[in-house]
Amino acid sequence: MKLDYPAPIKAAILKQWLHDGSEIALLDIREHGQYGEEHLFYIVSIPYSRLEIEINRLVPNKNVRIVLVGDEAGVLSTIAYKRLSMMGYQNIHMLEGGIKGWKLAGYEVFAGVNLPSKAFGELAEHVFNTPRISATELNKRIEAKDDLVILDGRPFTEYKKMSIPTAICCPNGELPLRIDEIVQSPDTTIVINCAGRTRSIIGAQTLINLGVPNKVLALENGTQGWYLEDLTLEHGQTRKYPDQINTSSLSSRQVRSRALAEKHGVQFIDAATVNQWQRDKTRTTFLCDVRTPEEFALGTIPGAQHTPGGQLVQATDQYIGIKGARLVLIDNEGVRAPAMASWLAMLGWDVAVWKDAFMSQPSASTKDHAVVEVRELRAQSEEGAYKEINVNQIPALLNVGVVLIDIRPSMKYRESHIQKAIWSIRPKLFDLADILRGQAVVLVAEDIEMAKLAALDLSEIGVKEININAGPASEWVAANLKTEATPNEPADEECIDYLFFVHDRHDGNKAAARQYLAWEINLLAQIDEQEKNAFRLPH
């Protein structure tokens, strides 16, 4: 008999499942702010507000064990169970008692994001004894015009927000391919930085592991450490790695990347093996395209997800929702995928490189991927009675007493919202059932798909008429809608979609920056032996 709720499991059983070697999708369905305050080590954040949008990408296997972590009473998990069951997921459980139940059983919870990757970075620094340089020492060397190159290992969008003076953007995943173009002399010192610690460590150690002859250093504590020393950061810079690669020396880069990958047990497979793995119903295989966004946009292997190499190592849980799954990395030159695969193998993943992927399998447009991901979502959301409206229709609806609900991010609502709008987020809509039942509403949203999901929930609690507007806020004034800012509303505790200490560290808050760096450094003291031993770093 099929239950109307996910099968509850106790914390001790879940702990066993996480280390039994079989695939498991451990999903935190609370909103991002709640997740970031405290969560389980291996958990993947997939907020209920985006559940149906993200689930196919993160958990493509409909038969894998799923464990949901929601509220203590299991109400949110039961709602999510219904949605996932409608999409064909079969093996769904929930953690009994939620986070509280986990803690009562004596297990650790963690703040922050990307836990396994960040804890791994701290451990890697200890194991490899990655050399580093302080912000004050680096600043002296910049001022002295020493022979050095500073490379920022973050994506270009992050780099543009803030950067070390003279630094060039070269994301970690691009370093193995492009370092020889950037640094011509073996006498030049290379410094890798990020915003905090992990990508500085992994980027520097990548070059060391590849055998680059230069002296390579990680900038201690990244841009945050720079800021904490009252040194000046640059903003809006556009310095970037060269797009062109010297193909005459490409073979040497391929050799050193492949040697590094093979050292850590990475397999090199062909199309026949990939096809065999994808047909295997007992395992899940993720195809990971580690190239740049620009390359991916031009086309990729059918079924591949864009996972920029450095970010895949830094934030694996944002791309892979099934612990124990198989990862197949692809590039089009044989340098980036092997180098990044070496790190994923050390992280404990079963990882392979698809050699000559683009020669054996023609690329396909990436535009089709989003359609596939939301197909089942549309099938659900269209069950809810809603109508899409333009901004000019909102004033008339408000004049006849229609309830206006703003489901944009809480920080956007604080900055500006239409007067009399109620802020909510999808899981909180159920708390408004007594107020909204039988009413007509207008949903103001940034994302039309999220609005359609919210409409599905509203229709189930008895809202009689649902109108959706997902146009830009800039259109409000032209439609004669009065707006207001409420810097303290919703209150901090209501902003369950926003993780304050992670964001505030970049907004001039030195206490938040210090707290964040202390959190990163302390991760190794928090993880238990099973979690630590799951990594496969050299001894």
Side-chain angles (χ1 to χ4, degrees), residues 18-19 21 23-28 32 35-36 39-46 54-61 64 66-67 110 112-125 153-155 158 171-175 194-203 205-206 261 264-266 283-291 296 304-331 336-353 502 520 523-524 527 530-537:
L18 289 172
H19 299 283
E23 293 185 3
I24 182 171
L26 177 62
L27 308 177
D28 195 322
H32 188 70
Y35 152 84
H39 59 267
L40 281 63
F41 185 70
Y42 288 115
I43 208 159
V44 171
S45 175
I46 180 167
E54 299 289 356
I55 189 69
N56 280 330
R57 179 179 67 85
L58 289 168
V59 187
N61 184 347
V64 74
I66 294 175
V67 179
F110 299 81
V113 296
N114 311 134
L115 261 296
S117 295
K118 288 187 176 292
F120 172 78
E122 295 300 318
L123 187 59
E125 183 187 41
R154 301 171 298 163
E158 287 189 55
N172 280 354
E174 298 301 309
L175 285 170
C194 65
R197 295 178 52 80
T198 311
R199 285 172 289 187
S200 301
I201 296 164
I202 299 299
Q205 196 61 49
T206 296
H264 293 285
V266 175
R283 293 292 305 277
T284 308
T285 299
F286 287 86
L287 296 184
C288 303
D289 187 333
V290 301
R291 300 173 303 153
F296 180 80
Q305 179 184 178
H306 185 224
T307 57
Q311 293 304 102
L312 182 57
V313 175
Q314 154 78 9
T316 315
D317 55 314
Q318 291 182 12
Y319 304 98
I320 311 298
I322 301 177
K323 184 178 184 292
R326 225 167 3 208
L327 312 186
V328 176
L329 273 54
I330 59 175
D331 61 24
R336 290 171 287 186
M340 294 302 101
S342 72
W343 283 116
L344 291 162
M346 286 185 272
L347 266 160
W349 289 96
D350 182 357
V351 58
V353 171
V502 167
E520 279 192 299
L523 285 175
L524 287 185
I527 63 175
Q530 282 183 300
E531 291 156 349
K532 191 176 295 184
N533 291 335
F535 298 134
R536 297 200 291 263
L537 282 157

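Owing to the predicted nature of the structure, the values given are computational and were not obtained by experimental measurement. What you see below is based on every heavy atom in this structure, not just the backbone, and it leaves out hydrogens, waters and symmetry mates.
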As an exercise, state the distance from [atom1] of [X] to [atom2] of [Y], rounded to the nearest 0.5 Å.
| X | Y | atom1 | atom2 | result |
| --- | --- | --- | --- | --- |
| Q318 | I46 | CD | CD1 | 12.5 Å |
| Y42 | L115 | OH | CG | 10.5 Å |
| L40 | E531 | CG | CD | 8.5 Å |

Would you check if [X] and [Y] make a side-chain contact, meaning some heavy-atom pair closer than 4.5 Å?
| X | Y | answer |
| --- | --- | --- |
| L344 | L329 | yes |
| I55 | L27 | yes |
| N172 | T206 | no |
| W343 | L312 | no |
| K323 | L26 | no |
| D331 | M340 | no |
| T198 | F120 | no |
| R197 | E122 | yes |

Before giving the answer on side chain to side chain contact (heavy atoms under 4.5 Å, CB included), spell out for K118 and Q314 the whole-Å C-alpha distance, their side-chain angles and the decisive distance to 0.1 Å. CA-CA 7 Å; K118 288 187 176 292; Q314 154 78 9; 3.2 Å; yes
Side chain to side chain contact (heavy atoms under 4.5 Å, CB included) between R283 and D350, worked out: CA-CA 11 Å; R283 293 292 305 277; D350 182 357; 3.4 Å; yes
Shortest non-hydrogen contact from [X] to [Y]?
| X | Y | answer |
| --- | --- | --- |
| F286 | Y319 | CE2-O, 4.1 Å |
| F535 | P116 | CZ-O, 3.5 Å |
| A345 | V266 | CB-CG2, 4.0 Å |
| S200 | C194 | OG-N, 2.8 Å |
| L327 | I320 | CD2-CD1, 3.7 Å |
| G203 | L175 | O-CD1, 3.7 Å |

Please check if the side chain of R154 supplies one atom and the backbone of Q311 the other of a donor-acceptor pair under 3.5 Å. no
When you measure from the side chain of E23 to the backbone of T284, do you find a donor-acceptor pair of N or O atoms at a distance under 3.5 Å? yes
Is the H32 ring parallel, tilted or perpendicular to the Y35 ring (thresholds 30°, 60°)? tilted
The single option from L347, N114, T307 that satisfies side-chain contact (heavy atoms from CB on, under 4.5 Å) with T316 is L347
Tell me every residue that passes ring-ring contact (aromatic ring centres under 6.0 Å, His included) with H306, counting only those two or more places apart in sequence or in another chain. F296
Could you list the residues that satisfy side-chain contact (heavy atoms from CB on, under 4.5 Å) with A119, not counting sequence neighbours? F41, L523, I527
